[in-house]
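The structure under discussion appears below in the form of structure tokens.
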Amino acid sequence: MVGQVAGEDLGHVPQYPSVSSELSTFSRRGVVKFSRHNVANMKGLIMQSSKRVLVVGLGIAGMATAVRLKDAGWEPVIIERAPERRSGGYFIGLFAEGREAAERLGVLGNITRENPAGSKTWEVDSDGDRTLSIGFLDQPGHPRGVLRGDIEAALWERVRDEIEVRYSVTPEAIRSMSDRAYVVLRNMQDGTLTEESYDLVIGADGLRSTVRQLVFGPNEQFMKPFNAIICAFALDSQVPQFAERDGLVLAEPGRSLWVFPFGDRTPTALLTYRTTDEDAEFRRPPIETLRARYAGVDGDGAVAHVLDELESAPDFLFDSVHQVKMPSWHQGRVVLLGDSAWCLTLYSGMGATAGLMGADALGAALEANPASIESALTEWEAGLRPFIKKHQFGAHIKGQVFVPSNRFLARVRTAVMRRQGQKVRVARAERTPAPVS
């Protein structure tokens, strides 16, 4: 909903990009209604209105935060740089902590995708030989395999009719004062600039966060490289020679391919490799770079199948791998959340879970400290940091599972995965009923 901001000139209607019709409604209804009261009463009504929060980013962390603060009595506005909401996406894991947060946010019931029953994960070598192994879904914590878009679609059901969303809008400047944050917004369609004020600004705009650059400093100060590249996307069909619900892993020193299965749709793929020069990987089209990087690897036709499908994929992620590490996630009336604050990397598998947890915890902290946003943010950050620190450390270990960086670690990884695969075979054999004689 569009409304006046507490403390602003009563005769001024804030100018919001792309909401001219709503402004007209405000002018016709809100001002006429308030004109029946004297000025003192008008000021009292405005000061009692909901606190306004600007959320930058329409991803999992951004929508989850807007939903949680809406439930806490705030008035959120979401801005998104893209011209429309994205959908689909790649495989991610939703762990128990994330499912609990999603339930508190009222969206878990709309995340309906389940893990594939009876799925097996095969470790495949370059020549195509395979052994039973363990996959992403077999790790401790019992993650649920979903698409990024599954969680975003569930959150969107809460957002679409309750929270104002503006597309093609990005922050141009942010001034954080003692009682307000003033934000200059750019409409990317027509280039117009407008200034608005909020009680709180939340940067949930990803790894290369604009909010972080404007308020905290340049990306290079906080982004820590893993010297690796990832390419993730959804397949149109399963890799030939593998069962529909089976996964596969081909991991060599410095490069790997993972195929993640689902029970109700085709799999997704992850190609990831090590590099000493990240910038060089972006000097030609991704498919050309990947074909060069995976030359000579067959994997029983798996690599060729995945790369051929990438040629026509409508949507894919091709990016370098970084964590974000910061001494503080908040400054004055501005706070970062999700990848913009702590990016755990795709290797950790905890990004969606951490985003949902962070949003839920932030709402709880603001509810517990209604008189002091600074106290709320300090409490929120202190409570969440141990979890983030743990999984940032773990991402370095998991990264060696996803793509070993040298031959020695590749041999160690293979031995561990085969041993764990043997345990899986034994456990499944024990669960299988003996034949009736």
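A quick note: this is a predicted structure, and the numbers were derived from the prediction, not measured.
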Above 12 or not: heavy atoms from other molecules or residues under 6.0 Å from [atom1] of [X]?
X    : atom1 : answer
F393 : CZ    : no
Q331 : CD    : yes
H142 : NE2   : no
R407 : CZ    : no

Distance check, rounded to the nearest 0.5 Å: [X] atom [atom1] versus [Y] atom [atom2]?
X    : Y    : atom1 : atom2 : result
E162 : E157 : CD    : CD    : 10.5 Å
L337 : I202 : CG    : CD1   : 7.0 Å
S372 : L377 : OG    : CG    : 8.5 Å
R284 : T289 : CZ    : OG1   : 4.5 Å
D319 : C231 : CG    : SG    : 10.5 Å
T272 : I230 : OG1   : CD1   : 6.5 Å

*asked:* Could you go through N227 and R274, starting from their C-alpha distance and side-chain angles, then the distance that decides it, and tell me whether this counts as side chain to side chain contact (heavy atoms under 4.5 Å, CB included)?
replied: CA-CA 6 Å; N227 298 317; R274 303 282 176 175; 5.9 Å; no
If you take all heavy atoms of [X] and [Y], which pair is closest and at what distance?
X    : Y    : result
L235 : R265 : O-NH2, 3.8 Å
G338 : A61  : CA-CB, 4.1 Å
R158 : G106 : CD-O, 4.2 Å
E379 : A368 : OE2-CB, 4.2 Å
S87  : R148 : O-NH2, 3.5 Å
G254 : V403 : C-CG2, 3.5 Å

Just wondering, do [Y] and [X] contact through their side chains at under 4.5 Å, heavy atoms?
X    : Y    : result
Y273 : L290 : yes
L346 : V321 : no
L200 : L366 : yes
E311 : L307 : no
S340 : V211 : no
R144 : N115 : yes
C343 : H322 : no
T266 : D236 : no

*Sequence neighbours left out, what pairs pass ring-ring contact (aromatic ring centres under 6.0 Å, His included) with at least one residue falling in residues 329-356?*
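Residue pairs with at least one partner in residues 329-356: W329-W342, W329-W380, Y347-F402.
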Polar side-chain atom of [X] near backbone of [Y] as donor-acceptor pair, under 3.5 Å:
X    : Y    : answer
T170 : R186 : no
D127 : D129 : no
R113 : G145 : no
E278 : S320 : no
E309 : V239 : no
Q238 : D246 : yes
S348 : T345 : yes
R255 : R293 : yes
R52  : Y198 : no
D150 : L147 : yes

Salt-bridge present ([X], [Y]; N to O < 4.0 Å):
X    : Y    : result
E97  : K390 : no
R86  : E152 : yes
D339 : R208 : no
R81  : D205 : no

*Going by distance alone, is a donor N or O of one side chain under 3.5 Å from an acceptor N or O of the other, for Q400 and S405?*
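Note: Q400 and S405 side chains meet the donor-acceptor criterion.
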*asked:* Evaluate D199 against R180 for side chain to side chain contact (heavy atoms under 4.5 Å, CB included), listing each step before the verdict.
replied: CA-CA 5 Å; D199 296 279; R180 310 285 292 170; 2.9 Å; yes
*Fit a plane to each ring of H391 and F387, take the angle between them on a 0 to 90° scale, and name the class: parallel (under 30°), tilted (30 to 60°) or perpendicular (over 60°).*
tilted
*Evaluate the criterion side chain to side chain contact (heavy atoms under 4.5 Å, CB included) for residue pair R283 and D277; output intermediate values, then yes/no.*
CA-CA 11 Å; R283 291 174 185 156; D277 185 357; 4.2 Å; yes
I'd like a table of donor-acceptor pairs (distance under 3.5 Å, sequence neighbours excluded) in which one partner is a side-chain atom from residues 213-225, with atom names and distances.
unit_1	atom_1	unit_2	atom_2	d
N219	OD1	R212	NH2	2.7
K224	NZ	Q221	O	3.4

Donor-acceptor list for residues 352-364 side chains, cut-off 3.5 Å, not counting sequence neighbours:
unit_1	atom_1	unit_2	atom_2	d
T353	OG1	F95	N	3.0
D360	OD1	R68	NE	3.2
D360	OD2	R104	NE	2.6
D360	OD2	R104	NH2	3.0

*Does F233 have its ring centroid less than 6.0 Å away from the ring centroid of F318?*
no
*asked:* If you apply the rule salt bridge (charged side-chain N to carboxylate O under 4.0 Å, His left out), what do you find for K120 with D138, and how did you get there?
replied: CA-CA 10 Å; K120 299 177 181 178; D138 297 312; over 6 Å; no
*Evaluate the criterion side chain to side chain contact (heavy atoms under 4.5 Å, CB included) for residue pair F136 and F91; output intermediate values, then yes/no.*
CA-CA 10 Å; F136 182 92; F91 176 96; 3.5 Å; yes
